[in-house]
Amino acid sequence: MVQPFVFKFGGASVKDAPAFQHVANILKSRWKNGLVVVVSASGDTTDHLERIIEKAYGEATYDTELADLESYHQAICASLFPADHGIFSQVANSFSQLKRKLGSDLRTEGKAFLYDQTIVFGELISTRILQEYLCMNGLFCVWQDARELIATDSTHKMGKVDWVLTMQRCRKYLSPKLEDYPVITQGFMGSDWLGNTTTLGREGSDFTAAILAVSLGAKSVSIWKDVAGILNGDPDLFPDAIKFDHLDFEEAAEMTYFGTKVIHPKTIKPLAKQKIPLYVKSFVNPDLPGTVIGSFEDHPKIPITIIKSKQVWITFRVRDLSKVGGFHYEEIFKTAKSFNWNINLLQSSAVTIHLVIDQPEQMPDPLPKQLLETFHVQKTENLRLVTVKNYDDTHEATYRNESKEVYLTEKSPNTLQMLLR
Ligand code: ASP
Ligand code: MG
């Protein structure tokens, strides 16, 4: 039996012809049965498709945008393949299918449904191009539709994984193929029990890699990125940020929770449970070691700074002071849950609860009546939340000095959070 291992390449790694060639080079020296390659849509294809779907749903025209997207993919193919290669008609067929779906009555099932049935064409096409290109260059591999593997519920745009069914499918359909060939498959997508396409949420391809690794009992996952590994701060803001060679699962999970963008937040937990190491590797310098996330108990406590912008601060102050103490957390949490707010900081005192959340796509206005009857609510937008893990005395002073205003400060023994203007 081969031992499976999973690689994931994001959109930037397949954004143009040289990028595809570079992926092939990385794979060449690592080519082995047991390899599963998870790939995202090329470049900004998903954003592009989102705009097209929006128009299709609103019954506006999108012909030019769709034609541009097709030309973009055909141009990549023209640089990679000889003119008589079958890939050109495959890509053209995919675009006709996509067009048919966008114009069909899928719309009547709602926007999220239409979204899932069509957004996945980005991944379906990029993986086809990669698979054909690898085969043409002597790296024989199989194209696998990820929807046959990843089982989810029917929550469109945010499918919840059915782990048991996914594992059964992977063992049944994927494991036997891996004995003979490496497999190329799509990130981000799955299917529900009716066979309809679902997706796992934007940037969900890292999560796909983790799901497949766990389902196969893989020996490792490698995510190929445009960074050298995981750093202790955003290198654009902290030029002297240092790269971690090792990072404990727990530390990495916390970093993604606080807003580090290198890996999708759902990726770490399933891997940690199975103790499957996650390598974050440089796409540009593939021979460098990158960062490995695993079980490392005595890891050094290096300060890690994560800055999230576009934060909304909401203050709930109890109106009826006789109710002080008997706090109505439930009402607040219910509201937060129903609007899908992502809470980054919570602070409470006798009469007030503060929430700091990511700016939602749409802020409910007004808030539910029941909530307004209980609380005075105040909202401030466009703030920054700084989180410093393993902080020392200098951090708080630094941020106090450099910002116009500090609204909230929250400290635990390991973590400092400050809400700033
Ligand atoms: N292509 C999808 C997105 O851009 C999934 C991914 O890249 O992870 O969100
Ligand atoms: Mg993408």
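Just follow the structure's listing: the first ligand is 1, and inside any ligand the first atom is 1.
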message = So for Gly10, does at least one of its heavy atoms come nearer than 4.0 angstrom to any atom of ligand 1?
response = no

ask   = Do the side chain of Ser175 and the main chain of Lys172 share a donor and acceptor less than 3.5 angstrom apart?
value = no

request  = Check for a donor-acceptor pair, side chain of Asp153 on one end and backbone N or O of Lys160 on the other, with a separation under 3.5 Å.
outcome  = yes

task = Decide whether an N or O pair under 3.5 Å exists between Glu203 and ligand 1.
result = yes

message = Given Arg202, Gln186, Glu123, Lys8, identify the one with the heavy atom nearest to atom 1 (N) of ligand 1.
response = Glu123

Atom of Ile87, atom of Glu132 and distance for their closest heavy-atom approach = CD1-CG, 3.8 Å

note = Under 4.0 Å from one or more heavy atoms of Ser40, ligand 1 contributes atoms 6 (C), 7 (O), 8 (O)

Side chains of residues 207-223: which donor-acceptor pairs under 3.5 Å do they make with residues two or more places apart or in other chains?
from   : atom 1 : to     : atom 2 : distance (Å)
Thr208 : OG1    : Phe188 : N      : 2.7
Thr208 : OG1    : Gly204 : O      : 3.4
Ser215 : OG     : Ile211 : O      : 2.8

